[in-house]
Protein chains: 2
Amino acid sequence: MKDITKHSKIITAATKVFAKKGFFNARISDIAKEAKVADGTIYLYFNNKYDILISVFEEEIGKIVAQIKKTLSEETDPRKMLEIYATKHLLTMKKNKNLAEVIQIELRQTNKLIKDYRNNKFIEYTDLVADIISLGQKQNIYRRDIEPGIAKRFFFGALDEVSRVWNTSLEGHYTVEQISEQLLKIFLSGILLPDNINT
Amino acid sequence: MKDITKHSKIITAATKVFAKKGFFNARISDIAKEAKVADGTIYLYFNNKYDILISVFEEEIGKIVAQIKKTLSEETDPRKMLEIYATKHLLTMKKNKNLAEVIQIELRQTNKLIKDYRNNKFIEYTDLVADIISLGQKQNIYRRDIEPGIAKRFFFGALDEVSRVWNTSLEGHYTVEQISEQLLKIFLSGILLPDNINT
DNA sequence: AGTAAATGAATGAATGGCCATTCATTGTAT
DNA sequence: ATACAATGAATGGCCATTCATTCATTTACT
């Protein structure tokens, strides 16, 4: 009988190896060794190397989406909702740097490699931001001259770039809370001093 | 005598090929064919495949940095300066989608691959944003409780994410000006309606 | 000027190493 | 004893890099 734990052991190992070496420099034998499994065993659970990458991506992003959706469902204030999203994102990526790196790489390369793979989970993930903004607009809390479809890119992009440099330049300097606070400050109220808003 | 134009012909070809296939799937012979040059010729101008990648990156980013610095030097209002930066970035990436893709990939993989390569040009590029913010703070135009070192990540990340999806989801929907305007709106004044700022 | 060496750029076929994938064999549980 | 999971050595294809050779241009000599 196929071992369900073996599947996830391979996923975890692959996440680690992909993060460390990048997809193309990761060898199947590296993943096998990390998962304490024979090379051939991997092919009992996955079709090929890309399949592992996509599985890592979909499964891990899927978990985050589910978690965030659950947390958001207990909140109604769109301001708080953005804060929850930002903090959750940063905490997750900080806790799981391997995953953060896989997302970085995967996102930028898979579309090119596998035309028919649409990053569904990921789209769902970023669309959460657009949904929150739309909600806030309906409630007259957010400005209506903001396009949710553009703003979601800004919000995710900002978080993602912070995750990217987490290891190198931000580590030790700032906490997740500080960064999240700064992002919310800017995103909600901007960087202008009130005096200068209409000059 | 070595042909100076051949060097740049290879750079251009490599940018194209890297963008289309990604660094790892790009073959030297692809680049050679694109540049209308023999495979071996490439090694008269570059040490190896990574060297081509780094050269593409440094040269192209270097050009942009020089251009933006020049344009910014003619402007003193920090608000306008951010606008110039955003618009210039988006225009450049839209005009040169190949470059945009190379930057995306390069930025996320090179540090892992080549430990002693520090992306100097790129650091210079993003630091421009931090400098503009600091300047605005000195002039009492920008809030002092914003960390330029974090805010620059947000600003660049937002622009970069927009560039990433330019081909797929934004093409045809929005102009550079619209996106730049939206980013400035948010970055300068936030998405909150004035009524809700202190609720 | 005309011809012959010399220099070095350009070529692309051949090499060699790497590594995803396969599959014959072995292990194990029922 | 059967069925299926697991193994890992062997295979085969790919492709960065090399280098012996060709080609083109410049220099030197009569």
Side-chain angles (χ1 to χ4, degrees), chain A residues 1-58 101-102 105-106 109-110 112-117, chain B residues 1-58 101-102 105-106 109-110 112-117:
Chain A
M1 189 187 62
K2 279 198 189 178
D3 192 345
I4 191 84
T5 64
K6 203 151 283 183
H7 184 270
S8 66
K9 260 173 67 183
I10 294 171
I11 292 269
T12 306
T15 308
K16 208 174 208 168
V17 175
F18 286 157
K20 186 170 171 193
K21 302 199 166 188
F23 177 74
F24 290 100
N25 289 324
R27 276 166 287 150
I28 291 292
S29 56
D30 294 335
I31 298 171
K33 188 185 280 181
E34 181 72 39
K36 286 176 182 145
V37 141
D39 293 15
T41 305
I42 288 179
Y43 289 87
L44 297 174
Y45 295 89
F46 301 91
N47 297 323
N48 52 45
K49 200 180 169 187
Y50 289 142
D51 192 27
I52 305 173
L53 180 66
I54 291 177
S55 300
V56 164
F57 196 71
E58 289 280 310
E101 293 210 35
V102 172
I105 294 166
E106 151 69 14
Q109 294 212 315
T110 303
K112 220 185 308 300
L113 303 179
I114 310 160
K115 294 285 189 250
D116 57 352
Y117 170 55
Chain B
M1 187 189 60
K2 279 199 190 178
D3 192 345
I4 191 84
T5 64
K6 202 150 285 186
H7 183 271
S8 66
K9 258 173 69 183
I10 294 171
I11 293 268
T12 307
T15 308
K16 209 174 208 167
V17 175
F18 287 158
K20 187 169 171 193
K21 301 200 165 190
F23 176 73
F24 290 101
N25 289 323
R27 274 168 287 150
I28 292 292
S29 56
D30 293 336
I31 298 171
K33 189 186 279 182
E34 180 71 38
K36 286 176 182 145
V37 141
D39 293 15
T41 306
I42 287 178
Y43 289 87
L44 297 174
Y45 295 89
F46 300 91
N47 297 324
N48 52 44
K49 201 179 169 187
Y50 289 142
D51 192 28
I52 306 173
L53 181 65
I54 291 177
S55 300
V56 164
F57 194 72
E58 288 281 309
E101 294 209 35
V102 172
I105 293 167
E106 152 69 15
Q109 294 212 315
T110 302
K112 218 185 311 296
L113 301 179
I114 309 159
K115 295 285 188 249
D116 58 350
Y117 171 54

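The basis for the numbers below is simple: all heavy atoms, side chains too, and nothing from hydrogens, waters or symmetry mates. Reminder, nothing fancy here: chain letters follow the sequence lines and each chain counts from 1.
B/N48 has its CG atom 20 Å from the P atom of C/dG16, to the nearest Å. Nucleotide C/dA20 holds its P atom 10 Å from the CG atom of A/N25, rounded to whole Å. In this structure, the CZ atom of A/R27 is 9 Å from the C1' atom of C/dC18, given to the nearest Å. When the C1' atom of C/dC19 is taken as reference, atom CD1 of A/I31 falls 12 Å away, rounded to whole Å. Computed from coordinates, the B/Y45 OH to D/dA16 P distance equals 20 Å when rounded to whole Å. Straight-line distance from the CG atom of A/D39 to the P atom of C/dC19: 12 Å, rounded to whole Å. Rounded to whole Å, atom P of C/dA20 lies 11 Å from atom OH of A/Y50. One atom, CZ of A/F23, and another, P of C/dC19, lie 13 Å apart when rounded to the nearest Å.
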Practice problem: Give the C-alpha distance, both sets of side-chain angles, the deciding distance and a yes or no for side-chain contact (heavy atoms from CB on, under 4.5 Å) between A/V102 and A/L53. | Solution: CA-CA 8 Å; A/V102 172; A/L53 180 66; 4.2 Å; yes
Given B/Y45 and B/I52, is the side-chain contact (heavy atoms from CB on, under 4.5 Å) satisfied, shown in steps? CA-CA 9 Å; B/Y45 295 89; B/I52 306 173; over 6 Å; no
Step-by-step side-chain contact (heavy atoms from CB on, under 4.5 Å) determination, B/R27 to B/K33 | CA-CA 10 Å; B/R27 274 168 287 150; B/K33 189 186 279 182; over 6 Å; no
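When each of B/I42 and A/T41 is assigned the nucleotide of DNA chain C with its nearest heavy atom, B/I42 is the one assigned upstream, toward the 5' end.
For B/Y43, the listed nucleotide lying nearest its side chain is D/dT17; candidates were C/dT11, D/dT17, C/dT21. Closest approach to the B/A38 side chain among D/dT7, C/dT21, C/dT11 is made by C/dT11 (side chain taken as heavy atoms from C-beta onward). When distances are taken from the side chain of B/K49 to each of C/dT11, D/dT17, C/dA20, the shortest belongs to D/dT17.
Proximity of A/K6 to the phosphate of D/dA6: a side-chain N or O atom is located under 4.0 Å from OP1 or OP2.
Note that the two end axes of the helix from C/dA1-D/dT30 to C/dT30-D/dA1 enclose an angle of 10°, each drawn from 5 base pairs, rounded to 10 degrees.
Considering CG of B/D30 and CG of B/D39, their distance stands at 9.5 Å, rounded to 0.5 Å. To the nearest 0.5 Å, the span separating CZ on A/F46 from CD1 on A/I54 amounts to 11.5 Å.
The side-chain heavy atoms of A/I11 and A/H7, taken from C-beta on, include a pair separated by under 4.5 Å.
A donor-acceptor contact shorter than 3.5 Å links the side chain of A/K49 to the backbone of A/F23.
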